[in-house]
Amino acid sequence: MRIARFSIDGNVAFGAVEDDGTGDPGGLVLDIIKGIPYADFELSGTKVPLSKVRLLPPVLPNKVVAIGRNYAEHAAELGNEVPDVPVAFFKPTTSVIGSGDAIEYPSFSNELHHEAELAVVIGRLCREVPRERVKDVIFGYTCANDVTARDAQKREKQWARAKGFDTSCPLGPWVETGIELAAAHDLTIQCTVNGEQRQLGRTSDMIRSIEDLVVHITEAMTLLPGDVILTGTPAGVGPLNVGDEVAVTIEGIGTLTNKVIKRG
């Protein structure tokens with residue numbers, strides 16, 4: 001099931017994304033969910049066309065835990081070695097935007113980069129998760145773009161500003177709950193800018209698996225329903241400029257699209 005969060009007529013709701021039955025490839029509707037998707041819920045039967053709503057970030061995470069240098073070729077392209085342990089950092093909730101929202105080019109940077117990533121959405125409160133239970137704490141998967149002020153990342157020892165500025169964490173367009181953990185280990189990830197392919201990789205190229213990351217992170221902290229783990233980006237990262245449209249597509253999930261605008 002694909003679960004979207006959306007607004008219509010000033011109201012915010014979750015809905016299950018369904019085919020509208022017309023045979024039109026783009027014909028989708030949202031069946032409004034009663035309750036919240038992390039617990040038992042019912043479909044209301046009240047349906048609204050996807051074209052009539054504004055998609056919001058599919059979750060409002062308490063925290064986004066991101067992993068750096070989890071693809072060997074990406075580490076190499078930036079002149080970095082593969083770390084001995086996963087490199088984790090946070091992106092604040094104020095960085096999260098949805099598909100269709102604008103990425104605001106930060107005033108302190110002249111080198112903004114895209115980073116297409118598979119995002120893992122947590123479905124239940126969890127801590128110190130054993131490897132064999134990782135599948136039980138995952139709600140689903142979505143597309144992410146770990147937008148990075150590369151020049152700031154290079155000159156500042158901490159990545160908080162470079163990767164945590166407002167609008168630097170697009171997520172969406174929805175959460176796909178129907179992907180099994182084994183299948184998530186071999187999905188195609190693609191990033192295009194103005195229709196030109198920039199990144200093309202597979203999650204099977206990750207150095208550390210989803211299980212590795214969940215175990216590593218929950219050794220240190222409690223994850224809450226709706227929290228997000230960004231699993232790293234494949235090679236091919238590159239510049240974004242004002243006016244560019246960047247799209248992240250992940251096999252079996254969908255496409256996250258955002259346009260870059262000047263801040264202010």
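- Following chains of ILVMFWY side-chain contacts shorter than 4.5 Å, one can reach M206 starting from V134, so the two form part of one hydrophobic cluster.
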Kindly determine whether F6 and V12 satisfy side chain to side chain contact (heavy atoms under 4.5 Å, CB included), including the steps that lead there. CA-CA 6 Å; F6 65 95; V12 175; over 6 Å; no
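- Checked by atom type, the side-chain pair N194/D244 shows a donor-acceptor distance below 3.5 Å.
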Show your reasoning for whether side chain to side chain contact (heavy atoms under 4.5 Å, CB included) applies to T142 and V121. CA-CA 7 Å; T142 192; V121 180; 4.2 Å; yes
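- Annotation: ring-ring contact (aromatic ring centres under 6.0 Å, His included) contacts involving residues 196-231, sequence neighbours excluded, are absent.
- A distance of 9.5 Å separates CD1 of I3 from CG of D31, quoted to the nearest 0.5 Å.
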Could you give me the CA-CA distance, side-chain angles and deciding distance for N70 and L213, then say whether side chain to side chain contact (heavy atoms under 4.5 Å, CB included) is met? CA-CA 10 Å; N70 199 28; L213 300 181; 4.0 Å; yes
Output side-chain donor-acceptor pairs under 3.5 Å for residues 37-50, partner residues at least two apart or in another chain, one line each.
from, atom 1, to, atom 2, distance (Å)
S44, OG, I32, O, 2.8
S44, OG, T46, N, 3.0
K47, NZ, E18, OE1, 3.1

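- Within the model, atoms CD of E117 and CD of Q199 stand 8.5 Å from one another, a figure rounded to the nearest 0.5 Å.
- In this structure, the separation between CG on L112 and CZ on R150 is 9.5 Å, given to the nearest 0.5 Å.
- The minimum heavy-atom distance linking P173 with L256 is given by the pair CD-N, 4.1 Å.
- L171 is not connected to V65 by any chain of hydrophobic side-chain contacts under 4.5 Å among Ile, Leu, Val, Met, Phe, Trp and Tyr, and they are in different clusters.
- Side-chain contact between K262 and E104: absent, with no pair of heavy atoms (C-beta onward) separated by less than 4.5 Å.
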Side-chain polar contacts of residues 246-254 - donor-acceptor pairs under 3.5 angstrom, sequence neighbours left out - could you list them?
from, atom 1, to, atom 2, distance (Å)
T249, OG1, T255, OG1, 2.8
E251, OE1, T188, N, 3.0
E251, OE1, T188, OG1, 3.2
E251, OE1, R202, NH2, 3.3

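- Separation of atoms CD (E219) and CD (E128) is listed at 7.5 Å; rounding is to 0.5 Å.
- Taking the side chain to side chain contact (heavy atoms under 4.5 Å, CB included) definition, one finds that E156 meets it with A152, R161, sequence neighbours left out.
- Judged by distance alone, with hydrogens and angles left aside, the side-chain atoms of S7 form no donor-acceptor pair with the main-chain N or O of G10 at under 3.5 Å.
- The number of heavy-atom neighbours closer than 6.0 Å to CD of E81, taken from other residues, nucleotides and ligands shown, is 12 or below.
- K135 contributes atom NZ, which lies 10.0 Å from atom CD1 of I138 (distance to the nearest 0.5 angstrom).
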Result block: side-chain N/O donor-acceptor pairs under 3.5 angstrom for residues 51-63, not counting sequence neighbours:
from, atom 1, to, atom 2, distance (Å)
R54, NH2, D101, OD1, 3.0
K63, NZ, T222, O, 2.8
K63, NZ, D227, OD2, 2.8

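- Without hydrogens or angle criteria, T203 side chain to A184 main chain gives a donor-acceptor distance under 3.5 Å.
- The two residues V228 and A119 come nearest to each other via the heavy atoms CG1-CB, 3.9 Å.
- The hydrophobic cluster containing L125, built from Ile/Leu/Val/Met/Phe/Trp/Tyr side-chain heavy atoms closer than 4.5 Å, also comprises L224.
- Side-chain contact between I261 and I103: absent, with no pair of heavy atoms (C-beta onward) separated by less than 4.5 Å.
- Considering all non-hydrogen atoms of both residues, I122 and C126 come closest at CG2-SG, 4.1 Å.
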Run the side chain to side chain contact (heavy atoms under 4.5 Å, CB included) check on Y141 and L187 step by step: do they pass? CA-CA 11 Å; Y141 304 89; L187 301 175; 5.8 Å; no
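- When the side chains of ILVMFWY residues are joined at heavy-atom separations under 4.5 Å, either directly or via intervening members, V120 and V137 end up in a single hydrophobic cluster.
- Sorted by first and then second residue, the ring-ring contact (aromatic ring centres under 6.0 Å, His included) pairs involving residues 91-125 (not counting sequence neighbours) form an empty list.
- Between E111 and R155 no salt bridge is recorded (no basic side-chain N to carboxylate O distance below 4.0 Å).
- The side chain to side chain donor-acceptor pair (under 3.5 Å) test applied to H74 returns E77, not counting sequence neighbours.
- Heavy-atom minimum distance, V147 versus P170: CG2-CD, 3.9 Å.
- Cluster annotation: F14 and L28 are assigned to distinct hydrophobic clusters (Ile/Leu/Val/Met/Phe/Trp/Tyr, side-chain heavy-atom contacts under 4.5 Å, transitive).
- The minimum heavy-atom distance linking N258 with G100 is given by the pair ND2-N, 3.8 Å.
- When all heavy atoms of I189 and L118 are compared, the closest pair comes out as CD1-N, 4.0 Å.
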Residues 83-97 side chain polar contacts: donor-acceptor under 3.5 Å, at least two apart:
from, atom 1, to, atom 2, distance (Å)
K91, NZ, D146, OD1, 2.6
K91, NZ, K163, O, 2.5
K91, NZ, S168, O, 3.1
K91, NZ, S168, OG, 3.4
S95, OG, P92, O, 2.6

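- Side-chain atoms of P239 and R198, non-hydrogen and from C-beta on, do get closer than 4.5 Å to each other.
- Grouped by direct or indirect side-chain proximity (heavy atoms under 4.5 Å, Ile/Leu/Val/Met/Phe/Trp/Tyr only), V82 sits with I207.
- Within the structure, the side-chain hydrogen bond (donor to acceptor under 3.5 Å, both in side chains) test picks out the following pairs touching residues 173-183 (sequence neighbours left out): R2-E176.
- Every residue two or more places apart in sequence or in another chain that forms a side chain to side chain donor-acceptor pair (under 3.5 Å) with R133 is listed here: D136.
- Remark: L30 CG to R5 CZ distance equals 13.0 Å, nearest 0.5 Å.
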